[in-house]
There are 2 protein chains.
Amino acid sequence: MAEEPPRHPSAKEILDASPAADWRTLDPANTLYMDLQAGRVVIELAPGFAPEHVANIRTLAREGFWDGLGIYRSQDNFVVQFGDADADAEDAAKAKSLGSAKTELPAEFARKADGPAFTRLPDVDGWAPEVGFVDGFPAARDPATGEAWLAHCYGALGAGRGGPPDSSNGSELYVVTGQSPRQLDRNITLVGRVVKGMELLSAIPRGPEPMGFYEKPEERTPIIAIRLASEVPESERTPLQVLRTDSRTFADATEARRNRRDDWYVRPAGHIDLCNVPLPVREAKH
Amino acid sequence: MAEEPPRHPSAKEILDASPAADWRTLDPANTLYMDLQAGRVVIELAPGFAPEHVANIRTLAREGFWDGLGIYRSQDNFVVQFGDADADAEDAAKAKSLGSAKTELPAEFARKADGPAFTRLPDVDGWAPEVGFVDGFPAARDPATGEAWLAHCYGALGAGRGGPPDSSNGSELYVVTGQSPRQLDRNITLVGRVVKGMELLSAIPRGPEPMGFYEKPEERTPIIAIRLASEVPESERTPLQVLRTDSRTFADATEARRNRRDDWYVRPAGHIDLCNVPLPVREAKH
């Protein structure tokens, strides 16, 4: 009998064997809980890329801005969007007050690339010269301009804007629920990503075409509350760990997905797309 | 005052101005209607790429194989899957008969590229040497091997298989509902694509991780019927036209999305991904 070829471990086996140091616990000050009737969506904020937006979002959450508002848009293969459906009402008095949050912020489409550690993927990307991960966030980089920016992958959280580039204030937010709309990169400010609970957003019934805004208020999905984890009693928190994207485990698991996967595959892809790389998440052990 | 720069038409304006000859009416013999309680999903089959599977699917539809079965899997950011949940039951007697359809088919992962007209996109792709469209289907091609194959984009319809590459028979089908899993290309047989009604599949509640198979039969979404349009009385059909992907209108609309879009964008992407190119669909005029 012929010898069996050496078997490479699968991504799951690599994760199961990972050292504890390759995981990090989410910082409660950078974690948002979006509580819906169906459950909790956990979001990690990205102050390294959008410091002004994240500061405003912290204020809005602290003051309960989103509590009792809803998800008012669900466009198939694109985004869900939530906040105050009357924010742009003709009668400005109908719009909910932003409280002590700022009403105007600078656009935060990109940052200097020399700050954060960038774990580059070797894979070609059509949208940017270089792609990879920064602290768990899929990101891109251009050596020619010295800029880095977050990428619109599935689960990305962004701040809706109107015509002017600096018209977002972080109160109207969207989450990508479809094929990654990378054409939005550097055209709108990304502020974080969903790390758990995407299935609560992605399965929300779609609104009418072309934009997915619901016609009737009762079609909206109510938001019970959006709070910073740091402002929630510890007993009510959802403690999570995410795999460090600069770890050996992450690199090995990504390589397993890129080239080996399991025996079901008859042909290795030899490639992985930035937005096809999952971020492993697990419950934090107490 | 400075003159306004010349304004390029948007993708929508290009479509609105398109000549009738740039559209084709779906062939009823290659069109499947999947009727759910929530409405109708319209699928175009791809006999040019998977002739044996499509022939079997026609037989299964004609004999009502899927009628009364259900969607038994919904995995977030991946696929929904439907057919006979008991197809692989330990008690083989529980499996629904395939009637006069074949129980075994060859794998149809790729075909010779010299047959169909291939409208190539100029955009780089990490998964394949060349990508583009064949008769409305996103596809890839390798000049080195002379092969062409369908690509796993959002809305792609594939035939589930087990371990052996040739273990699909077209009775268990899946539709991509998440970020394009292109690693599946040439590892499983694609048989068509959804052209209308994706929002009825994409918003189906997700089953439990990791695979999304429901635990209880009552969680499944019932299938009223799957029929060939050609076997449905004309008064009950959904007559659709799709834009010819080898037309000037399609090329111009794609270029508008790649580089110009509308004035909201401050930075053109200069790129479009194969799976980000929408297929324009409209009602056929009588």
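Proteins come first, then strands; the chains are lettered A, B, ... in the order of their sequence lines, and each starts at number 1.
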(request) Kindly check if the number of other-residue, nucleotide or ligand heavy atoms within 6.0 Å of CD (B/Glu218) is above 12? (result) yes
(message) Tell me whether B/Asp88 at atom CG has more than 12 heavy atoms from other residues, nucleotides or ligands lying less than 6.0 Å away.
(response) no
Search all heavy atoms of [X] against all heavy atoms of [Y] and return the closest pair with its distance.
X: A/Pro205; Y: B/Ala203; value: CA-CB, 4.0 Å
X: A/Val266; Y: B/Asn187; value: N-OD1, 2.7 Å
X: B/Pro181; Y: A/Asn276; value: CA-ND2, 4.0 Å
X: B/Asp76; Y: A/Met198; value: OD2-CB, 3.6 Å

With a 4.5 Å limit on heavy-atom distance, are the side chains of [X] and [Y] in contact?
X: A/Arg206; Y: B/Leu200; value: no
X: A/Asp273; Y: B/Arg182; value: no
X: B/Arg161; Y: A/Trp264; value: yes
X: A/Val124; Y: B/Trp127; value: no
X: B/Tyr265; Y: A/Ile188; value: no

Please round to the nearest 0.5 Å and tell me the distance separating atom [atom1] of [X] and atom [atom2] of [Y].
X: A/Ser180; Y: B/Gln179; atom1: OG; atom2: CD; value: 3.5 Å
X: B/Gln183; Y: A/Asn259; atom1: CD; atom2: CG; value: 12.0 Å
X: A/Glu199; Y: B/Glu209; atom1: CD; atom2: CD; value: 6.0 Å

(request) Using non-hydrogen atoms and a 4.5 Å limit, figure out which bit of B/Asn77 sits close to chain A: side chain, backbone, both or neither. (result)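 Interface part for B/Asn77: both.
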(message) Just so I understand: if I count every heavy-atom pair under 4.5 Å between each of B/Gly163, B/Ala269, B/Ser202, B/Gly178 and chain A, which residue has the most?
(response)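 Of the candidates given, the most pairs with chain A belong to B/Ser202.
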